[in-house]
Every structure is written in structure tokens, then in C-alpha cells.
Amino acid sequence: MLTAEIIRKIAPKARQDYIDALVTGGDIFAQYAINTPERMAHFLTQAAHETGGFTVVRENMNYSAKRIREVWPTRPEAVRFAGDPKGLANCVYNGRMGNRKGSDDGWLFRGGGLLQTTGRDNYERLEEETGVPFASKPATIEHAPSSLIAACWEITKFFQYCDMPGDRGLRAVCNGINRGNPASSQLPIGWSDRQLWFQKCLNAMAVCPAPMDDTS
């Protein structure tokens, strides 16, 4: 279903390892029933947004003090980790998402892969569901074919919305990935960017979108 030309049309700066994984991932897409143009468009939309056009493998965490204040306004103590990626990750992520306080879990289980999976709980869930050692070997998420498996499993939870016509379905998928709640009344973070990616994906695959609802 996917070709390198389609992916480059969507994201011209895409990493080659991501392109290769997507192009050769037919069996994985089939295993997880990503088997319609609409489901594929939703999958690619979320992955493209989360990875900045298939260019990001792991969350960088190398922030300036100014950026830290913008991203984590309720964590003023985090500014002391400006320019210290590991320290910042442990500061802002430990104590939640299954990450243990006083450990390097925040760093080890920071955002990674096609959907920028974050948190020990999510890595453990992925390992349990897929059999791939995401939690026992967190760097596994950096391997593009393994990351594809993780992302495909994740998107299956939102198929009912992928199959829904119009903008309501897209918004629900985005909130499911972004907020963990497809029914959230809030707009997804990065909503306008995700809408743009969705249109690019539909255009690249020559899919005619359903009429968009006036929910934006």
C-alpha cells in the first residue's frame, strides 16, 4: 500500500530508516488490520506529527530555561536542568506514567519511536502485548521496524474513530493518541498541525476525504 514516493510526498525530510520500515511493513500493517486507505492515513498522520515529519527518533530534552518554562509552567524547579537532557527527563517524568522516583526511568522511557511512546507503563504494556522487549530494552523503540510494531498496535485502539467519516473521527484519534481520551472535549495539542498532516496523507494516497464537520 505504501511506497517511498508516497512517504516522501508527505514528508520530504523523512529518515531513510523510517521510510524503509514503512515500505516493507506490509505484513505488520496486515497483522494489525491497517488495511484501508483511511486507517493508513490516520496512522501516518499521527506518526508524522509526533516525529516532526518522520525525522525524530527520541525526545531530545535539550531545552533552554525559557523553553522549559513554556513547556512545564507548573514545574519551576525544572529550569535548573536547562542543557541537561537526562536530568530534565528524570525531573519532569519521574513519579508518573510508571516511572520510579530517584531513577533514570524518565530518561530511559522518554518519548520514542513513531508515536513517541512515553513512560515505563506504556513501554511495559507494549512489551506485554507485542512480545517485543520495549520495557526490558528501552532502546528497542529506536529501531524503526520495532517502532512500527509499537505504533501499529497503538493505533488499533482507535479504529472505530479512524473509520468514522469527517473531522470528528480525526479529532477523536488525535485526542486518543495525544491525551489518552478520544472523547476529550478539548482540542488535541497540535490540532492544526495534525489536520494539515491528515490532508497531506489523504492527498498523497489520493483518498477523497469525507466532508469535514465544523468542530475546529
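Side chains included, hydrogens not; waters and symmetry mates left out as well; all remaining heavy atoms used.
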Legend entry - Listed partners of Asp17 passing salt bridge (charged side-chain N to carboxylate O under 4.0 Å, His left out), at least two apart: Arg15
Inset, instruction - Give a yes or no answer on whether the side chain of Asp84 reaches the backbone of Gly87 with a donor-acceptor pair at less than 3.5 Å. - result: yes
Inset, instruction - Would you please indicate yes or no on a ring centroid separation below 6.0 angstrom for His42 and Phe158? - result: no
Legend entry - Shortest non-hydrogen contact between Val132 and Ile149, atoms and distance: CG2-CD1, 4.2 Å
Inset, instruction - Please tell me if the side chains of Met61 and Lys86 come closer than 4.5 Å, counting only heavy atoms from C-beta onward. - result: no
Legend entry - Among Leu22, Thr24, Ile34, the one residue meeting side-chain contact (heavy atoms from CB on, under 4.5 Å) with Leu2: Leu22
Legend entry - Check: Pro188 and Arg171 side chains under 4.5 Å, non-hydrogen atoms: yes
Legend entry - Cluster check Ile10, Leu196: I/L/V/M/F/W/Y, side chain < 4.5 angstrom: no
Inset, instruction - Could you pull out the closest heavy-atom pair between Pro145 and Ala21, with the gap in Å? - result: N-CB, 3.9 Å
Legend entry - Residues in salt bridge (charged side-chain N to carboxylate O under 4.0 Å, His left out) contact with Asp20, at least two apart in sequence or another chain: none
Inset, instruction - Verify the distance criterion only: is there a donor paired with an acceptor across the side chains of Asn203 and Gln199 at less than 3.5 Å? - result: yes
Legend entry - Rounded distance [0.5 Å steps], CG in Leu126 versus OG1 in Thr140: 11.0 Å
Inset, instruction - Kindly give the heavy-atom pair with the smallest separation between Cys152 and Phe43, and that separation in Å. - result: N-CE1, 3.8 Å
Legend entry - Validation row: Thr117, Asn122 side chains within 4.5 angstrom (heavy atoms): yes
Inset, instruction - Can you see which heavy atom on Gly106 is nearest to which on Asn90, and at what distance? - result: N-OD1, 3.3 Å
Inset, instruction - For Glu129, check salt bridge (charged side-chain N to carboxylate O under 4.0 Å, His left out) against everything at least two apart and list the hits. - result: none
Legend entry - Trp72 ring center within less than 6.0 Å of Tyr63 ring center: yes
Inset, instruction - Take Ile141 and Ser146, measure what side chain to side chain contact (heavy atoms under 4.5 Å, CB included) needs, and give me the verdict at the end. - result: CA-CA 6 Å; Ile141 201 71; Ser146 298; over 6 Å; no
Legend entry - Residues which pass side chain to side chain donor-acceptor pair (under 3.5 Å) with Gln116, listed by chain and number, not counting sequence neighbours: none
Legend entry - Sequence neighbours excluded, every pair satisfying ring-ring contact (aromatic ring centres under 6.0 Å, His included) that has a member inside residues 112-144: Phe109-Tyr123
Inset, instruction - Answer whether the closest heavy-atom distance between the side chains of Ile177 and Glu50 falls below 4.5 Å. - result: yes
Legend entry - Spacing of NZ belonging to Lys9 relative to CE belonging to Met205, to within rounding of 0.5 Å: 11.0 Å
Legend entry - Co-membership, hydrophobic cluster, residues Val71 and Val92, 4.5 Å side-chain: yes
Legend entry - Verdict with supporting geometry, Leu170 and Trp191, side chain to side chain contact (heavy atoms under 4.5 Å, CB included): CA-CA 10 Å; Leu170 175 62; Trp191 175 231; 3.9 Å; yes
Legend entry - Shortest non-hydrogen contact from Thr45 toward Ala41: OG1-O, 2.7 Å
Legend entry - Nearest heavy-atom neighbours spanning Phe54 and Thr51: N-OG1, 2.8 Å
Legend entry - Note: Arg120-Glu124 ion pair, threshold 4.0 Å (strictly below): yes
Legend entry - Side-chain heavy-atom pair Asp167, Gln195 within 4.5 angstrom cut-off: yes
Legend entry - Flag side-chain contact, heavy atom, 4.5 Å: Phe198 against Asp193: no
Legend entry - Any Arg75 side-chain heavy atom under 4.5 Å of Ile68 side chain: no
Inset, instruction - Identify which one of Val23, Leu148, Val57 satisfies the side-chain contact (heavy atoms from CB on, under 4.5 Å) criterion when paired with Tyr18. - result: Val57
Inset, instruction - Apply side chain to side chain contact (heavy atoms under 4.5 Å, CB included) to Ile155 and Val173, showing your working. - result: CA-CA 8 Å; Ile155 203 74; Val173 175; 4.1 Å; yes
Inset, instruction - Examine Arg39 relative to Phe159 and say whether NZ or CZ is less than 6.0 Å from the centre of the six-membered ring and inside a 45° cone about the ring axis. - result: yes
Inset, instruction - Identify whether the distance between the nearest side-chain nitrogen and carboxylate oxygen of Arg125 and Glu128 falls below 4.0 Å. - result: no
Legend entry - Backbone N/O of Asn181 and side chain of Ser184: donor-acceptor pair under 3.5 Å: no
Inset, instruction - State whether Trp197 and Arg194 meet the cation-pi test: NZ (Lys) or CZ (Arg) under 6.0 Å from the six-membered ring centroid, and within 45° of the perpendicular axis. - result: no
Inset, instruction - Verify whether one side chain among Glu59 and Tyr93 offers a donor that lies under 3.5 Å from an acceptor in the other. - result: yes
Inset, instruction - Could I get the full list of salt bridge (charged side-chain N to carboxylate O under 4.0 Å, His left out) partners for Arg179, not counting sequence neighbours? - result: none
Legend entry - More than 12 heavy atoms from other groups under 6.0 Å of NZ on Lys157: yes
Legend entry - Side chain to side chain, Glu142 and Ser147, heavy atoms closer than 4.5 Å: no
Inset, instruction - Please check if Val56 and Ile19 belong to a single hydrophobic cluster, counting links between Ile, Leu, Val, Met, Phe, Trp and Tyr side chain heavy atoms closer than 4.5 Å. - result: no
Inset, instruction - Kindly say whether Thr3 contributes a backbone atom to a donor-acceptor pair with the side chain of Arg8 at under 3.5 angstrom? - result: no
